[in-house]
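Working notes for the structure below.
What you see is a predicted model, and the numbers here were worked out from it, not measured in a lab. Here is the naming used below: chain letters follow the sequence lines, and residue numbers restart at 1 for every chain.
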Amino acid sequence: MLEFIQTLVSGIAVGSSYALMGLAMVLIYKTSEVVNFAQGEMALLTSFLTYMVLEYHGFPFYAAFPLALVFAAFLGFFLEFAVLRRAKEPNILGMIIITIGLEMILMGLVSWKFGADPKTMPFPLSPYDSVQLGSVFVSALEVLNFGVALAVMLILFVFLRYSKLGVAMKATQQNNMAARLMGIRTNRILMITWGISSVVGCLAGLLLSPMTMQPYMMWDPMLKGFAGAVMGGMTSLPGSVFGAYLIGIIENLFGLYVSIEFKSVVAFAVIVLVLCIRPSGLFARHYVKKV
Amino acid sequence: MATLLEIKNIETFYGLIYALRGVSLTVEEGTITAIMGNNGAGKSTILKTVMGLLEDQPDKGTIEFMGKRIDGKDTEVIVRLGISYVPEGREVFEELSVRENLMMGAYIRRDRSGIKEDRERVYAYFPILKDREAQWAGTLSGGEQQMLAIGRALMNRPELLFLDEPSLGLSPILVKEIFSIIRTINREGVSILLVEQNARMALAISDMGLILENGRFVMKGKSRELMEDRDVKEFYMGIRSEESAKGFQRWKRKKRWR
């Protein structure tokens, strides 16, 4: 029983980073219907640059981490402005291919600059510290991860619900032409979305990097986050979070009781199953157009 | 009366289709101007061209709003100058609440108290919207959506309001209601350019009327005079003036002006 709870808890912990990646992808998908496969590598680049300033240039933590977030935002702005907006006669598929290209470029850049050997990010919390909750042990880093994910969700919820910019983001996604007729600069909205999403993804990257850092580290969390988002319907923020946690828990339980080798694969089997039963995802509450 | 909008000889292409073939018109301050015509005549195209919604159009000609050239400008800029457009088919934000839709209408404004005042004014025009305030706009009926679209367009306090087929798909009673409100809005100082297939309604509330066929204006005049015009009556209001079948010869009246 204890083993079960312990697995559950670590499932939730790993689910937090999936959830952050999922949220980041859903944000971009919601405004432009583009699945951003470069999401993980954007976070990767930010994490490695943070590692660089911490390790080689002696920046203190309190300066490096906020700087990383600012850099992530600008990276998002830049990629949208300089790459995606330049696409001639854009269609969704073309845009997705562009993000895959970006993913490869960014990953190539990181492996070229920093090499493929694993590193660990210096971090105020050691991944080996742990907190005891009842009779279950959780690492302090996992607790932090969970807390950050929770805070991000809360902030995004309030932002999209109550702020004028947040509502304008939703409006742009629902009806681009009407949004322009309201005087909303839809290009700018898209750019801001990329910035916000890049920051959210970057948080996931920074929280994963104390464990291990190598150029492939974001691929798996990103795919799992994407999978969680698909499960939640791809347009629902709470849905993507729920899906991500579900995947984290299921793969850990599967690893415990069935087979540790197939742990990573089971997540995708679950998605196939869910999408067969509810093709629009568990949480999609898209208003169906009356014709 | 000052001229608010002046369109001079614009030509617009939809890809290879020559949609507007040299259209000129003016909208005077404080008036309602109506553009009528059949399907595909190019009525909506005029409005879309002015709003800058068609990329790289107009191909030729100039558009001036309050003395400033606006052709070739971005939609977002034109809206900020004081033109609001209620698009054909409503185009409300379906998954935003009625209140949020109105909030987006006032997106370019910063004065909170003024926005609130205008929202109350919209609710006074259309009380049903107040009851539906928290509902998603997509769940409203067609008529309510049309009201919301008009209300949303009024939220940025336009000088000039474009209405594209406000009667589309609405019951006759609703059409009457909406047209009487359009009248009220105009009396409170908003100039209106109205595009409408329903010539009878449009002529009843407008000051000036223009008739468009195949991308060209074929008639222009005071609405009261157009209403009495034989051709307009026959072709656009469906009043027949043909001889009965008993007669020996039936003359088909020429329908197109070139």
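Annotation: side chain of A/R180 is not in contact with side chain of B/M51 (no heavy-atom distance under 4.5 Å). Side-chain atoms of A/I184 and B/V79, non-hydrogen and from C-beta on, never get closer than 4.5 Å to each other. Side-chain contact check for A/M177 versus B/E91: some heavy-atom pair is nearer than 4.5 Å.
With rounding to the nearest 0.5 Å, the separation of CD in A/Q174 from CD in B/E94 is 7.5 Å. Atoms CD and CG, on A/Q173 and B/L96 in that order, are 8.5 Å from each other to the nearest 0.5 Å.
Environment of CZ in A/F159: crowded, with over 12 heavy atoms of neighbouring residues, nucleotides or ligands closer than 6.0 Å. Summarising the local packing, CZ of A/F81 is surrounded by 12 or fewer heavy atoms from other residues, nucleotides or ligands at distances under 6.0 Å. Around the CZ atom of A/F78, the shell of radius 6.0 Å holds no more than 12 heavy atoms that belong to other residues, nucleotides or ligands. Within 6.0 Å of atom NZ in A/K164, more than 12 heavy atoms from other residues, nucleotides or ligands are found, so the atom counts as buried in its surroundings.
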N/O donor to acceptor pairs below 3.5 angstrom from side-chain atoms of residues 96-103 of chain A, sequence neighbours left out:
| residue | atom | partner | partner atom | Å |
| --- | --- | --- | --- | --- |
| A/T99 | OG1 | A/V35 | O | 3.3 |
| A/T99 | OG1 | A/F37 | N | 3.2 |
| A/T99 | OG1 | A/I96 | O | 2.6 |

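Neither the backbone nor the side chain of B/V86 comes within contact range of chain A; no heavy atom of the residue lies under 4.5 Å from a heavy atom of that chain.
Legend: residues meeting side-chain hydrogen bond (donor to acceptor under 3.5 Å, both in side chains) with B/Y85, ordered by chain and number and at least two apart, are B/D164.
By a heavy-atom distance cut of under 4.5 Å, B/M103, B/M104, B/G105, B/A106, B/Y107, B/I108, B/R109, B/R110 are the residues of residues 101-117 of chain B near chain A, going up by number. Close approach to chain A, defined as a heavy atom under 4.5 Å from one of its heavy atoms, is seen in no residue of residues 155-163 of chain B.
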Full working for side-chain contact (heavy atoms from CB on, under 4.5 Å) between B/V92 and A/N175
CA-CA 8 Å; B/V92 294; A/N175 194 330; over 6 Å; no

Begin from the C-alpha positions of B/R152 and A/M182 and carry the test side-chain contact (heavy atoms from CB on, under 4.5 Å) through to its verdict.
CA-CA 8 Å; B/R152 188 181 64 176; A/M182 301 297 105; 3.4 Å; yes

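No side-chain donor-acceptor contact under 3.5 Å links A/R185 to the backbone of B/E76.
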